[in-house]
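Report on one structure; see the data block that follows.
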Amino acid sequence: MFSLVPTCKGRHVSKFLPSLRLCCQLFSVATNTLQFSSDGFANENKNDDIDLLFQSCTNVHHAKQLHAFLVVSGKVQNIFLSARLVNRYAYLGDVSFSRITFDLIPRKDVYTWNSMVSAYVRSGRFREAIDCFSQFLLTSGLRPDFYTFPPVLKACQNLVDGKKIHCQILKLGFVWDVFVAASLVHLYSRFGFVGVARRLFDEMPIRDVGSWNAMISGFCQNGNAADALDVLIEMRSEGVKMDRVTATSLLTACAQSGDILSGMLIHLYVIKHGLDFDLLICNALINMYSKFGSLGHARRIFDQMDIKDLVSWNSIIATYEQNDDPMTALGLFYSMQLLGIQPDFLTLVSLASILAQLSDAAKSRSVHGFILRRDFFVQDVVIGNAVVDMYAKLGAIYSASTVFEGLPIKDVISWNTLITGYAQNGLASEAIEVYRMMQEYKEIIPNHGTWVSILPAYTSVGALQQGMKIHGRVIKNCLDLDVFVGTCLIDMYAKCGRLDDALLLFSQVPRKSAIPWNAVISSHGVHGHGEKALKLFKDMLDEGVKPDHVTFVSLLSACSHSGLVDEGQLYFHMMQEQYRIKPSLKHYGCMVDLLGRAGHLNKAYSFIDNMPVRPDASVWGALLGACRIHGNVDLGRIASERLFEVDSENVGYYVLLSNIYANSGKWEGVEKVRSLARNRGLSKTPGWSSIEVNNNVDVFYTANQSHPKCQEIYQKLSDLTAKMKSLGYVPDFSFVLQDVEDDEKEHILNSHSERLAIAFGLISTPPKTPIRIFKNLRDGACSCGDYW
DNA sequence: ATAGGGTTAG
């Protein structure tokens, strides 16, 4: 027996009941009093009841009940009712049921087809919408009407498709319908064809706010806020008032282009016209203030909204997620759950990033599980990419790659995310391998994100020739003037020892933002050209570029590498007084390094004591490094004790301390530190040197024996040593930090990774070829992403 | 009964 009462579980019963009662009443109205015939309603004045019947289906479950009822009572034969089901299912977010219903309708009319096309458009399945429309034209033998075209135009994802549709519209003579014309205007402005959009707009016989909005929003979606604002001025001068749609589009565009002034003016307009409680406008405002970094404004708008929807929640959560406050973001997510609001895939995108920021591995895995259970991976690529990124940021690169493998849809960003993941986890050759695999997929077109992810990987192994190949491709794609790609290239040339080329590139990229400046200042600092770094900083100020916190990290570290103590202190004050930048732990670390390196160990120590924030491992590490340089065992011991209180996991610091002991011949200290590290399950990150010969990077570790040319390399080294000794070379054993005999020390010196790489370079290249050796574990070297 | 212009995103 067929039941009319839907089962209702959970906490919405009280909300649910009235509509359920209404639904039942209407079912009885439908069964008892409505007369159906094969071509429509006999009783015309009952249409209102039919509307109510459909509208009372507020979830897919209701719709299925009604559907079943229509099937059982045979009324599904009525194509109007079936088409309405198609619409209703789409409205409730289940297009697959729309399609099933649609397919079962035997004799489809234009309304049926229009309903199916718009069902696809409504749920964002544009490709299927276009396919359905083509099927309509080819198989139905029916003539589309002017209801058909607006959704179809919206579904066009490129101008070629759009132009085809435009031609069909011209042939059928629907151009002057207000809606069709507005859709065409929107199409052209969306793809940046300002002139065509303009001409069509000017030719429209009737224009309302909607027509203006079509043009303005098209420009906004094309990232063209300036043109959109020009059209706005024109629109207002013709006496047409901005409405909620105009405001929403423009706010979004201002957010994207960073136009704070216009954004706030529109906000004022919105308040003045009483639109400040409109849901969509508020959502757009939250988003805009979030992009401007004004968390307070975003939050105030959110708190004052009396009706909030899922977009509002997602927006406010993303606001905190993207402005480095993952704790607050997570708290908001919990409040949302308490209110019983179901998260969608965009909520989960933010949540993945939040948990990565909090490095909460356990919660991250449960987020992954949640996404799997809800089948969100098939909904959109974005969510898959977010999970890959989450695992990569947590250092679980194996999980990241497993998720990547299993993604049902992969786009170029998925690949970029995995490449970046490997590169940032220190696995450059894996990153390079992924990039190689990506090139086997013809449909994946690399974009600027690809270059930004692969260039640092090449840089980190010193693969200059490979990197230059990418530089070539970048030029071909006209992306060499992109700030981010350009900065990666500058960083690459600089790290590979070609500062001149780095500077040449720097002179070509747009440098209104601090990003390329940060890279070029840092590069000079790392290479010990402190004066030049200061000169570049001065140029930056002269060109009116505002330095940011990264600039000062680069600058302070440049000062410390060149012993410019006074200058460093001056800039540390300038940063706070003049630029109101609160020093971060990185800045404090630089200052300790600056003082310590120059030998002012006690000053450095008291500087740490006077810090207003709790020093972290990097600050103590800087002091420890300085103690090593100046052989101060006592302070070194103090620094390391404090250091291991805050971070006992980083091997680098154990190595430093053990080197301090070794330098002063305290071998029992060395042994103690080593066993401490061993007991904590830590092993030393091996140092390596690499050299690129014939487009191939060879990596050498100390005392490497596994290289195919091993024998020749050691032979070459011993020849060279003999030659050097005959010219008066005496090995300096102070760099050997092991307690062994002198001939063993000489062997250790001879098998340093740099020497192996040089010897390999000499035997593998023709005479007079420049040999460029690249080392990991470089002091003060940062990765490219640190510049922005 | 179906239609234009609008918010969140890796």
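Each chain gets a letter, A, B and so on, in the order the sequences are listed, and its residues count up from 1.
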Aromatic plane relationship, A:Tyr188 with A:Phe193 - under 30° parallel, 30 to 60° tilted, over 60° perpendicular: perpendicular
Touch class at under 4.0 angstrom, heavy-atom based, for A:Gln322 against every strand present: sugar-phosphate
Test item: A:Leu348 and A:Val367 side chains (from C-beta on) under 4.5 Å apart, heavy atoms: yes
Sugar-phosphate only, base, or nothing, as touched by A:Thr252 at under 4.0 Å among non-hydrogen atoms: sugar-phosphate
Side-chain donor/acceptor of A:Asp177 to base of B:dG4, under 3.5 Å: no
Sugar-phosphate, base or nothing in reach of A:Asn416, heavy atoms under 4.0 Å: nothing
B:dG6 base / A:Asn283 side chain donor-acceptor hit below 3.5 Å: no
Touch class at under 4.0 angstrom, heavy-atom based, for A:Phe146 against every strand present: base
Separation of B:dA3 P from A:Phe133 CZ (nearest whole Å): 16 Å
B:dA3 phosphate, OP1 or OP2, under 4.0 Å from A:Lys154 side-chain N/O: no
Length of the line joining A:Leu351:CG and B:dT8:C1', which is rounded to integer Å: 15 Å
Sugar-phosphate, base or nothing in reach of A:Arg122, heavy atoms under 4.0 Å: sugar-phosphate
Which nucleotide in B:dT2, B:dT8, B:dG6 has an atom nearest any side-chain atom of A:Ser315: B:dT8
Whether over 12 other heavy atoms sit under 6.0 Å from A:Phe370 CZ: yes
Residue A:Asn287, side-chain heavy atoms: nucleotide from B:dT8, B:dT2, B:dG5 that is nearest: B:dT8
Of the listed nucleotides B:dT8, B:dT2, B:dG5, the one nearest the side chain of A:Asn314: B:dT8
Minimum-distance nucleotide to A:Pro150 side chain [options: B:dA3, B:dG5, B:dA9]: B:dA3
Distance, rounded to the nearest Å, where A:Arg207 contributes CZ and B:dG5 contributes P: 19 Å
Student check: side-chain heavy atoms of A:Asn114 and A:Phe136 closer than 4.5 Å: yes
Polar side-chain atom of A:Ser359 near backbone of A:Ala356 as donor-acceptor pair, under 3.5 Å: no
Given B:dT7, B:dG4, B:dA9, the nucleotide with the shortest approach to the side chain of A:Thr248: B:dT7
Sugar-phosphate only, base, or nothing, as touched by A:Ser211 at under 4.0 Å among non-hydrogen atoms: base
Euclidean distance, atom CH2 of residue A:Trp313 to atom P of B:dA9 [Å, nearest integer]: 18 Å
A:Phe179 aromatic ring stacked with six-membered ring of B:dG4, 5.5 Å and 30°: yes
Touch class at under 4.0 angstrom, heavy-atom based, for A:Lys291 against every strand present: sugar-phosphate
Option passing side-chain contact (heavy atoms from CB on, under 4.5 Å) with A:Trp313 (candidates A:Leu332, A:Asn283, A:Asp344): A:Leu332
A:Ser217 side chain near B:dG6 phosphate (N/O to OP1/OP2, under 4.0 Å): yes
Whole-Å distance separating the CD atom of A:Gln379 from the P atom of B:dA9: 16 Å
